[in-house]
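Down below is the structure, laid out as structure tokens.
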Amino acid sequence: MVAMDPILADLNDSQIAAVLHGSGPLMVLAGAGSGKTRVITRRIARLLRDGVPSRQILALTFTNKAAGEMARRVQELGGSRVQVSTFHSSCARFLREHGHLLGFPRDFSIYDTYDRDSCIKLLMNEAQLDHSRVRPAQVGRRISQLKNLGYSPKDVVLGMGEIDEAVDRLFATYEETMLRLGAMDFDDLLGKFLEVLRSFPEVAESYQDRFRWLLVDEFQDTNRIQYEVCKRLLGDQGNICVVGDPDQSIYRFRGAEIRNILDFEFDFPDLVTVRLETNYRSTALILRAAIEVIRHNSERKEKDLRTNNPEGEPIVLHRAHGPSAEARRIATVIQELLDEGGDICEIALFYRSHFLSRGLEESLREFAIPYQVVGGLSFFERREIKDLVAYLRVIVNPADDVSMERVINVPPRGIGKKTMEKIRGMARQSGQPIYAAIAREDIRAQLSPRARKALTSLAEAFAEAKKLVKSAHQAMSYLAQEVGYLDYIGDLGDPEDVARRENVSELHNDAATFDRDIGEGLAGYLQHVSLITAADRKGEDIGRVSLMTVHAAKGLEFDHVFLTGLEEGIFPNSRVMLEGDVEEERRLMHVAMTRARKRLWMSHSRTRMIAGVLTRQEPSGFISEIPEDCLLRTSSMDPEGDGQAGQVWDEDHEVDYSQESQELEEGMRVKHRNFGRGTVMRLRGEGFKAKATIRFDKGGEKILILQYGDVQPITEEESW
DNA sequence: CCCGGTAAACTTTTT
DNA sequence: GTTTACCGGG
């Protein structure tokens with residue numbers, strides 16, 4: 001073998017086998033940290049070198065981030081023209097070409113979850129469904145779930161319950177409406193494309209002609225629809241390479257099917273399977289702990305994941321009294337890491353649910369440690385951004401009533417509920433979308449003078465902006481100005497407004513960049529924008545600690561990982577437990593632990609603020625699945641813990657230590673979240689040891705440790 | 001019609 | 001504690 005072959009450099013035997021595998025189906029079962037991205041990218045490079053034209057290769061991933069990373073690495077190996085993208089954006093692109101076969105316009109709108117729910121809300125109003133009983137989002141989620149399983153309105157058999165009843169009444173209407181609006185939701189991007197492939201064999205053939213080599217990353221997270229899209233893209237040719245790890249399947253909640261992996265062997269009998277079982281990422285100790293946890297799953301193929309890495313440090317498991325004690329503890333350790341010269345980009349904090357980020361953020365701010373939250377409310381989900389995008393959608397797709405309804409009275413134009421109903425009625429009667437209706441003089445004439453005037457100028461602005469669709473930036477600038485949106489958010493003053501203005505100008509820059517680099521006009525820009533999501537926020541290398549959910553952490557790795565909020569009900573999540581899927585939670589735990597290269601810190605708190613209520617928490621059951629010799633247990637009460645030695649913990653008055661204790665004086669009126677209002681009788685001690693005796697209006701006198709006590713001074717007005 | 005107030009419900013993970 | 005739904009006065 002030629003030792004210097006750059007494509008095979010630094011690869012082990014299994015990896016080489018996968019890269020060199022010729023034609024025919026290949027399944028790579030790749031344990032955590034075993035170099036699967038490397039295998040995919042090298043394999044692409046190998047195909048290119050062996051003369052496969054780049055346009056014949058299609059590599060599919062789940063996140064834009066993974067796609068971006070893979071595209072970058074393929075490019076480094078010289079394959080710049082290979083299409084590497086997510087399932088959703090590939091399908092969206094294909095649907096622009098062939099969606100017309102199903103009656104969709106080329107420039108259909110792509111609805112995110114929020115838009116979908118807005119649409120459903122409108123339909124619920126129309127159907128006179130009381131949306132205080134059943135919420136649009138619940139109906140939307142259920143419909144999405146059904147579509148992911150491959151159901152359409154006609155073959156759904158529903159269970160009982162108010163949500164299902166609503167779904168029963170609305171599913172078909174929703175589908176019809178989306179078609180009328182020329183809009184697709186995320187599920188449609190996959191589902192409608194599959195429908196095209198199924199219903200139009202000649203189209204399927206054209207794709208089969210084009211794509212001869214298919215590579216699918218994170219195969220364990222594909223759902224049935226995605227799997228069938230793959231099969232139909234492939235046709236009779238068997239050049240498919242899937243890479244995955246059943247132990248890292250964490251998207252069953254959105255329809256992912258581990259069954260795909262089993263079916264794969266059945267559907268492709270001449271399948272070659274390669275196992276990557278050497279972990280190059282974590283210390284031996286971390287890997288051992290992660291494997292022990294996942295071994296508790298019963299529906300699982302035993303696998304042999306090894307490492308040659310050094311044993312490493314034990315996992316530090318910290319027990320904190322309250323959420324802020326946990327957060328402070330973490331910040332303290334991070335500060336120490338940084339003081340020792342650690343790279344801040346190599347530090348990450350994980351949590352099971354978004355709401356847990358807040359406390360961590362507060363404490364990082366307090367310690368002046370720079371951080372970024374990956375995911376959460378993304379840039380494109382902000383209100384002002386969605387408003388502008390909705391305006392632009394209407395230009396490109398005049399049938400898009402949901403976007404039209406969003407913006408018709410933003411900024412306020414005097415179009416209220418009544419007027420809106422009139423407009424809807426007239427639009428319906430004329431069989432036209434709202435956009436077309438308000439463009440008609442005769443329809444506007446039937447409205448109040450005020451509304452008439454506003455809508456005339458709105459219609460004109462749209463008409464003018466339509467001439468600028470060749471440039472996303474120009475169309476946006478014109479419209480935002482003309483329609484009064486800039487003035488609307490212009491009132492500077494509070495920092496909220498400033499942030500909004502900054503967001504809007506960032507959107508302008510983004511559009512300008514798109515015009516310059518891609519240049520597919522407004523329609524192309526909107527498609528691009530609709531598929532960018534939370535986890536894609538660029539730049540991990542900008543000198544910040546990263547905070548993210550465990551889901552968002554998949555595919556990433558860091559030297560130092562803090563796994564927070566390890567409590568029953570949170571991780572494992574109690575709702576998931578109700579559905580009976582502990583095993584998916586355990587896989588999630590496995591994923592989380594295996595992100596760490598050098599050190600892993602885990603923590604839980606004895607109390608937690610959940611929906612505004614301070615609740616008592618038990619440590620996660622997953623902790624006890626880790627071998628005790630892998631753990632170093634600490635707690636806030638330890639003298640060695642965090643320098644806050646020997647504090648007395650008042651079991652009865654267990655409260656959150658949420659803020660710097662305020663300066664209190666004897667005689668001052670204060671309030672407490674549990675005990676209500678009271679008067680400070682006596683103060684003793686200072687700093688961490690400060691205690692106050694407070695006589696509460698109801699319930700007598702108590703001695704509170706101010707560090708923990710949520711004692712706040714109150715103002716004159718509210719004091720009695 | 002608009003804006004301000006108060007009541008209610010709510011936190012699972014993502015494209 | 002936070003965000004959203006509804007109601008009543010300007």
Side-chain angles (χ1 to χ4, degrees), chain A residues 60-67 85-92 110-114 116-117 121 130-133 135-138 141 144-145 147-148 184-191 218 221-223 225-226 249-256 323 350-359 362 374-378 380-381 383 409-420 448 450-451 454 530-536 548-554 565 569-579 581 584-585 587-588 591-592 608-615 656 658 673 710:
Chain A
L60 296 172
T61 64
F62 276 84
T63 62
N64 293 296
K65 193 184 227 164
S85 63
T86 64
F87 265 99
H88 287 84
S89 63
S90 286
C91 290
I110 298 174
Y111 282 3
D112 66 13
T113 309
Y114 188 93
R116 176 195 73 190
D117 295 342
K121 192 172 170 188
D130 181 5
H131 61 254
S132 60
R133 294 179 66 86
R135 299 156 78 99
Q138 294 177 303
R141 257 198 303 271
S144 165
Q145 204 175 44
K147 293 214 272 198
N148 270 316
M184 296 198 204
D185 61 31
F186 284 144
D187 308 314
D188 289 335
L189 295 177
L190 306 167
E218 308 281 13
D221 285 328
T222 50
N223 62 27
I225 311 264
Q226 286 161 328
S249 168
I250 56 175
Y251 284 106
R252 248 186 65 163
F253 74 90
R254 69 169 204 218
F350 300 160
Y351 34 83
R352 174 63 235 266
S353 306
H354 282 301
F355 79 95
L356 293 167
S357 79
R358 177 176 300 270
E362 274 171 14
V374 179
L377 238 208
S378 95
F380 291 98
E381 286 165 349
R383 194 178 60 213
N409 200 34
V410 178
R413 297 192 174 86
I415 317 285
K417 211 172 160 187
K418 268 276 171 59
T419 314
M420 206 51 230
S448 71
R450 190 175 165 191
S530 305
L531 292 168
I532 299 233
T533 49
D536 306 327
M548 68 192 88
T549 64
V550 179
H551 283 86
K554 191 166 78 148
I570 288 180
F571 198 174
N573 177 285
S574 52
R575 296 208 177 196
V576 171
M577 301 295 276
L578 282 179
E579 289 157 30
D581 209 347
E584 176 143 312
E585 293 292 290
R587 290 192 293 272
L588 205 46
V591 168
R608 182 74 58 187
M609 200 60 106
I610 295 169
V613 182
L614 194 70
T615 43
D656 182 18
S658 60
R673 59 169 304 104
D710 192 11

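A note on names: the letters A, B, ... follow the listed sequences, proteins ahead of strands, and every chain is numbered from 1. What you see is a predicted model; the values in this text were computed from it and never measured.
- Separating the P atom of dT4(C) from that of dT13(B) is a span of 15 Å, rounded to the nearest Å.
- Heavy atoms of N409(A) sit under 4.0 angstrom from primed sugar atoms or phosphate atoms, though from no base atom.
- Minimum interatomic distance between K147(A) and I225(A) (heavy atoms only, all atoms of both residues): O-CD1, 3.6 Å.
- In this model, no side-chain donor or acceptor of R575(A) finds a partner on the base of dT12(B) within 3.5 Å.
- Centre separation under 5.5 Å together with a plane angle under 30° does not hold for the ring of Y251(A) and the six-membered base ring of dT14(B), so they are not marked as stacked.
- Side-chain N/O atoms of S89(A) include none lying less than 4.0 angstrom from OP1 or OP2 on dT15(B).
- Side-chain proximity of R135(A) to the nucleotides dT13(B), dC10(B), dT12(B) is greatest for dC10(B).
- Among the protein residues, T419(A) comes within range of the sugar-phosphate backbone only, with heavy atoms under 4.0 Å from sugar or phosphate atoms but none that close to a base.
- In this structure, CG in D221(A) is found 3.5 Å from NZ in K554(A), a value given to the nearest 0.5 Å.
- Of the candidates dT11(B), dC2(B), dT12(B), dT12(B) carries the atom nearest the N573(A) side chain, counting heavy atoms from C-beta on.
- Of all heavy-atom pairs between F62(A) and E218(A), the closest is CE1-O, 3.2 Å.
- Comparing atom distances between the R352(A) side chain and each of dT15(B), dT14(B), dT12(B) picks out dT12(B) as nearest.
- Nearest to the side chain of H354(A), among dT15(B), dT14(B), dT11(B), sits dT14(B).
- Across all their heavy atoms, T113(A) and F186(A) have their closest contact at N-CE1, 4.4 Å.
- Which of dT15(B), dA5(C), dC2(B) sits closest to the side chain of K121(A) comes down to dA5(C).
- Nearest to the side-chain atoms of F355(A) among the listed nucleotides dC2(B), dT13(B), dT11(B) stands dT11(B).
- Among the heavy atoms of the strands lying under 4.0 Å from F62(A) are primed sugar atoms or P, OP1, OP2 only; no base atom is included.
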